[in-house]
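Throughout, a chain's letter reflects where its sequence line sits, starting with A, and its residues are numbered from 1. Values below: all heavy atoms of this structure, side chains included; hydrogens, waters and symmetry mates excluded.
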2 protein chains.
Amino acid sequence: MVKIQEVAERAGVSLTTVSHVINHRDRVSPALRERVERAIAELGYIPNRQAQGLRTGRTNAIAIMIPDIGAPFYTELVRGLQTACDSEGLDALIYNTDVPGGHSEDHGLHYLRMIEKRGVDGLIVADAALHRIQHELLKVTVPTAFIGNLPNGAVDSIEQDGFDSAYRMGKYLISKGHTRIAHVTGPSFFNMSMIRQAGFEHALADAGHPIDDSLRYEGTFLPPAGHDAVRWLLERHSNNMPTAIFFASSRMARAALAALADRGIRVPGDIAVASYDLTKDLEDVRPRLTTIGVDPADLSRGALKLLNERVSGAYSGPPRRIVLPATLEVHMTA
Amino acid sequence: MVKIQEVAERAGVSLTTVSHVINHRDRVSPALRERVERAIAELGYIPNRQAQGLRTGRTNAIAIMIPDIGAPFYTELVRGLQTACDSEGLDALIYNTDVPGGHSEDHGLHYLRMIEKRGVDGLIVADAALHRIQHELLKVTVPTAFIGNLPNGAVDSIEQDGFDSAYRMGKYLISKGHTRIAHVTGPSFFNMSMIRQAGFEHALADAGHPIDDSLRYEGTFLPPAGHDAVRWLLERHSNNMPTAIFFASSRMARAALAALADRGIRVPGDIAVASYDLTKDLEDVRPRLTTIGVDPADLSRGALKLLNERVSGAYSGPPRRIVLPATLEVHMTA
DNA sequence: AACGCTTTGCAAAACGTTTTGCAGCTGATA
DNA sequence: TATCAGCTGCAAAACGTTTTGCAAAGCGTT
């Protein structure tokens, strides 16, 4: 492993100068800088990150906490983050808490401790279950950004505009002539669920077709709930089916599509289907789902930006909150 | 940040002793060790990884190269690796080359360089496209393990038994009474494709029903090829449809299921469908696919084990090769 | 009591950087 | 010519560990 000293000898300067060339370009004359840079290239010198880290106190690594890397939303969140980190020379450490329902605060806390031990420059939390332990997030000694709705804003956060998105989807379905619409929500213990629900139902009410309470079903965001919802629909409403159904997550909607197919119910012929989310996996689903949502990569990038400003010290004011507007993708199911 | 010196003072010993307690338990008396450990606990001391790394030359990080984290096989490979790494105190760095077709060696090389610069203790390559640049893998200075078929065994590798799996699926379909079976392969530039193809076609031949060349279609492993294959099937064989179709990847099979549904072709009523792979996402597909494959997490764990033995120096002989047998999962599509 | 062997703990060096004073040189000003 | 200011580059300290000799102490054997 070639070290800074060898570069210095080859360039005929002191080791300090080489370091300056690397870290403070402008503090060394152009001529000398060029000489040093050539030496670096010739020797293929690569700074030792451990040594740099030891000296500067930085690790150049950030951690991201997610509940389930298998869920398309999180997969893409991670991919987006990786890409963004790569271009800044940061390592991204994935902490997959693997509690698909995202319900276990304890488990989340355990990971929070692990991450603190690990020593990273910053932390991105993208696990909605943890919004309820934001006081714990505050105690974490590294700068933190939250992806999702964080009611009392303990730390910087970035989220989708859930109310507006669901509202727009409601208006869209109404505009297609639907007035009797079933709604499969997320679990009520997530803020996010309640926000989307409120947005959707406001749209229906504003259009003069307030939702019939019996058409609301509380799901989990997870695939099995899609199957359950279809079963519920057929058991409770087979004599008077709604003309459309809106799911609060595309995973539930996908599963529901399968369940409907199992029963020979045609989409959108017999019932229209729409859902939240905007992920790439949906491109291969047939029939193609009509959905509304935000590109997860936009959330990652935003979170990393917030975080970097904290880490670098460029910003140190009170917690900020970014809300991204969603995109409606109309396809054949609704 | 509490450092080793403070622990030493609190325990009333020298800093060296504390280090020994941490790294060479048996070189310090039980009584003293206990005293030191209590001091560590009381102060909440956490060794500085950068300093450790600088001194020992280890980074305690490994990298994994994959072509597309969005593909379920790789998602689960990563999850499995993360879990395995966590339990050993290692960081896993994901390098997602993002060339879904997995066709670009250049791109792979670029990442290989990046990873070398990054400084990791070991590297796991799970990108089949790179089997053709194994001479480059050899040049990489860090220990490397390959996940997949590596013909000339430049480095340690672990793979699924592609021939046997496909052979067994062939036999299974025959046992269900199919004799005219279409086969959608992977791209011919992957060894893996040819291996699976050989296994499958051997089974048919052994059963006395060798495949009709016109029933073979070269796919890409990717979803769009599933659609293409269905189009091909209908254009070329609509007058004499095969009774079953075997896909070399579940992503193609899933897409084909969608394409068949688009056209009102029932599965397995009109045609049976089977595929390679064993990933969790398939649990939510309807109709449920009959598939054969290996749990990706088993591959990760195996690769990490091979790698660790190299890193620790426990093994330093010639490259090893592990071949894992697959599991057949029979469901309703075939 | 003297000897040697084993156990135990210490001091100091080393890992490869970054950064802080500080010194030397240059050229301009008085 | 003497002085001053501004550049430029250097030497040395510091970051927090691990590890290598070494010394001291304990213990059993002769």
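- Residue A:S19 places at least one side-chain N or O closer than 4.0 Å to OP1 or OP2 of C:dT18.
- Separating the CZ atom of B:R49 from the C1' atom of D:dT17 is a distance of 13 Å, rounded to the nearest angstrom.
- Between B:R55 and A:R55, the residue anchored closer to the 5' end of DNA chain C is B:R55, taking for each the nucleotide with the nearest heavy atom.
- Checking B:S19 against B:N23 by side-chain atom types alone, a donor-acceptor pair falls below 3.5 Å.
- In this structure, B:T56 reaches the sugar-phosphate backbone alone: every heavy-atom distance under 4.0 Å involves primed, P, OP1 or OP2 atoms, never a base.
- Residues B:R49 and A:Q50 come closest through the heavy atom pair O-OE1, 3.7 Å.
- Checking the phosphate oxygens (OP1, OP2) of C:dC10, a side-chain nitrogen or oxygen of B:T17 falls inside 4.0 Å.
- Between the CG atom of A:N23 and the P atom of D:dG9 there is a distance of 16 Å, given to the nearest Å.
- When the side-chain nitrogen and oxygen atoms of B:H20 are compared with OP1 and OP2 of D:dT19, none of them lie within a distance under 4.0 Å.
- Remark: A:Y74 pairs with no residue by the ring-ring contact (aromatic ring centres under 6.0 Å, His included) rule, at least two apart or across chains.
- Mapping B:L54 and A:R27 onto DNA chain C by nearest heavy atom places B:L54 at the nucleotide closer to the 5' end.
- If you take CG of B:N48 and P of D:dA14, they are 17 Å apart, rounded to a whole angstrom.
- To the nearest angstrom, C1' of D:dT19 lies 15 Å from CZ of B:R58.
- Using a 4.0 Å cut-off between charged nitrogen and carboxylate oxygen, B:E6 and B:R10 do not count as a salt-bridge pair.
- The shortest distance between the side-chain N/O atoms of B:S29 and the OP1/OP2 oxygens of C:dT7 is not below 4.0 Å.
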